[in-house]
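Written out below as structure tokens is the structure these notes cover.
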Amino acid sequence: MTTGSGQHWSDYWRQGHLTSLPRGFAGNYDGEFLAFWLARFADLPRSARVLDVCAGNGAIALLASEYSQQEGRNFRVTATDAADIDLQAITRPHPHLEPVTAGIDLLPNMPLEKLALPPESIDLACSQFGIEYTDWQRSASILSRALKPGASLALDAIYVLFQQNRSSQLLAAVGQRLEDIRKLTLQQFDAGWREFTRFRQGILTSRGIAADLLAVNHALRDTPRWYEAFSDQGLALLDSGDIHYHTGDIAGRSYRFRKPARDSVL
């Protein structure tokens with residue numbers, strides 16, 4: 001399957017979100033998410049090439065670049081996404097990240113399935129809540145070819161847990177927001193209209209993202225061993241496990257693959 005490349009994603013990332021879970025994190029990913037990625041970076045050689053695919057606003061690329069600077073490494077970090085992403089969308093609301101973004105090469109409007117990479121050029125390929133939106137077989141073929149012998153692929157894939165009262169909570173929030181806009185419009189019509197226009201655009205963006213999320217959730221449910229597409233391309237699955245929010249709820253599932261070293265291939 002291929003999704004996640006619509007205008008709604010471009011609109012979402014232009015709002016300056018660092019992650020696809022803006023209410024779950026004050027800034028970039030932290031907690032178990034951060035620990036998972038820092039462990040991946042620690043295993044890399046000093047001048048490693050890191051590729052963040054389906055990157056959104058480059059959350060993992062930012063973590064890799066920041067780690068490289070703090071640890072005296074010399075990572076070459078590339079972030080690619082099908083959406084029309086722009087690092088300025090990050091630095092405007094998060095100016096403290098500008099020195100970190102300087103170490104990232106950004107490839108907007110570039111679906112993973114169309115990405116041309118030199119063979120055996122990548123030390124670590126990363127995806128945080130992204131690669132499951134792509135054509136798994138095609139993505140697996142591209143990344144397997146691009147990874148150096150002995151290099152790694154690390155994924156965090158979505159885990160959707162629906163609650164019975166989630167719809168009522170959402171509708172209540174929408175209703176309250178409309179009531180606030182109504183009151184503002186009575187006092188300042190122009191300001192109220194601007195807020196309504198932004199609210200409407202936000203609803204349309206959220207609708208498109210929710211549709212993609214549901215499509216991916218159904219695909220993963222129907223193909224629970226979807227990740228074996230990467231094993232089929234010769235990558236060895238090292239381990240997998242759940243990733244949790246601070247609340248203890250499951251947020252995703254991680255997978256670590258490694259391309260066999262050349263001397264291990266007979």
Side-chain angles (χ1 to χ4, degrees), residues 1-30 33-34 37 50-67 77-115 125-135 139 143 154-160 170 173 177 194-195 197-217 243 245 251-252:
M1 65 171 300
T2 303
T3 187
S5 59
Q7 181 62 39
H8 46 275
W9 284 104
S10 297
D11 292 339
Y12 176 82
W13 294 119
R14 286 195 193 109
Q15 295 173 30
H17 300 299
L18 288 176
T19 75
S20 57
L21 303 168
R23 295 187 179 181
F25 303 91
N28 206 338
Y29 290 105
D30 54 26
F33 292 87
L34 178 60
W37 290 113
V50 179
L51 176 67
D52 182 14
V53 299
C54 310
N57 269 347
I60 309 308
L62 288 165
L63 293 179
S65 180
E66 184 175 30
Y67 179 91
V77 183
T78 301
T80 177
D81 196 274
D84 187 18
I85 52 177
D86 181 355
L87 287 178
Q88 289 186 354
I90 303 172
T91 56
R92 280 193 296 268
H94 308 282
H96 64 285
L97 291 176
E98 188 165 355
V100 180
T101 63
I104 300 173
D105 293 323
L106 191 67
L107 300 178
N109 303 303
M110 180 55 68
L112 173 54
E113 298 91 332
K114 296 182 179 180
L115 188 61
C126 309
S127 175
Q128 176 73 59
F129 297 155
I131 207 167
E132 58 269 38
Y133 288 84
T134 71
D135 180 320
S139 296
L143 293 178
L155 313 174
D156 277 345
I158 62 172
Y159 177 90
V160 181
L170 176 61
R177 182 66 182 135
R194 286 193 297 270
E195 285 300 311
T197 301
R198 281 194 287 266
F199 173 77
R200 177 181 179 276
Q201 183 58 52
I203 289 293
L204 293 175
T205 298
S206 298
R207 179 185 179 186
I209 290 173
D212 283 353
L213 180 60
L214 286 172
V216 170
N217 182 51
I243 298 287
Y245 293 111

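Because the structure is a prediction, the values reported are computed rather than measured.
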[X] (side chain) donor-acceptor with [Y] (main chain) under 3.5 angstrom:
X    : Y    : result
D52  : A61  : yes
S65  : L62  : no
S139 : D135 : yes
Q128 : A59  : no

What's the spacing between [X] [atom1] and [Y] [atom2] if we round to 0.5 Å?
X   : Y   : atom1 : atom2 : answer
I60 : Y67 : CD1   : OH    : 14.5 Å
L87 : W13 : CG    : CH2   : 12.5 Å
L18 : L97 : CG    : CG    : 6.0 Å

**OP:** Scan W9, Y29, Y12 and name whichever one has a ring-ring contact (aromatic ring centres under 6.0 Å, His included) with H17.
**Re:**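 Between H17 and the candidates, ring-ring contact (aromatic ring centres under 6.0 Å, His included) is satisfied uniquely by Y12.
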Below 4.5 Å, heavy atoms only, C-beta onward: do [X] and [Y] meet side chain to side chain?
X    : Y    : answer
L107 : T78  : yes
P108 : D81  : no
C126 : W37  : yes
T80  : L112 : no
L143 : L115 : no
T91  : T101 : yes
I85  : S10  : no

Original post:
Does a side chain donor of either D11 or Q7 reach within less than 3.5 Å of an acceptor in the other side chain?
Top reply: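 Side chains of D11 and Q7: pair found under 3.5 Å.
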Original post:
Can you tell me if H94 and N28 form a side-chain donor-acceptor pair at under 3.5 Å?
Top reply: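 Not at all, the side chains of H94 and N28 share no donor-acceptor pair under 3.5 Å.
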Original post:
Minimum heavy-atom separation for E132 to I158, with atom names?
Top reply: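 The answer is OE2-N, 2.8 Å.
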**OP:** Provide the closest heavy-atom pair for G252 versus F129 in the form atom of the first, atom of the second, distance.
**Re:**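 Of all heavy-atom pairs spanning G252 and F129, the closest is CA-CE2, 4.1 Å.
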Original post:
Does any pair with a residue in residues 84-107 pass salt bridge (Lys or Arg N to Asp or Glu O under 4.0 Å), and if so which ones, sequence neighbours excluded?
Top reply: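 Listed once each, the pairs are R14-D84.
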**OP:** Show the numbers, then the answer: is there a side-chain contact (heavy atoms from CB on, under 4.5 Å) between Y133 and L213?
**Re:** CA-CA 9 Å; Y133 288 84; L213 180 60; 3.9 Å; yes
Original post:
When you look at CD of Q88, are more than 12 heavy atoms from neighbouring residues, nucleotides or ligands closer to it than 6.0 Å?
Top reply: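 No, not enclosed.
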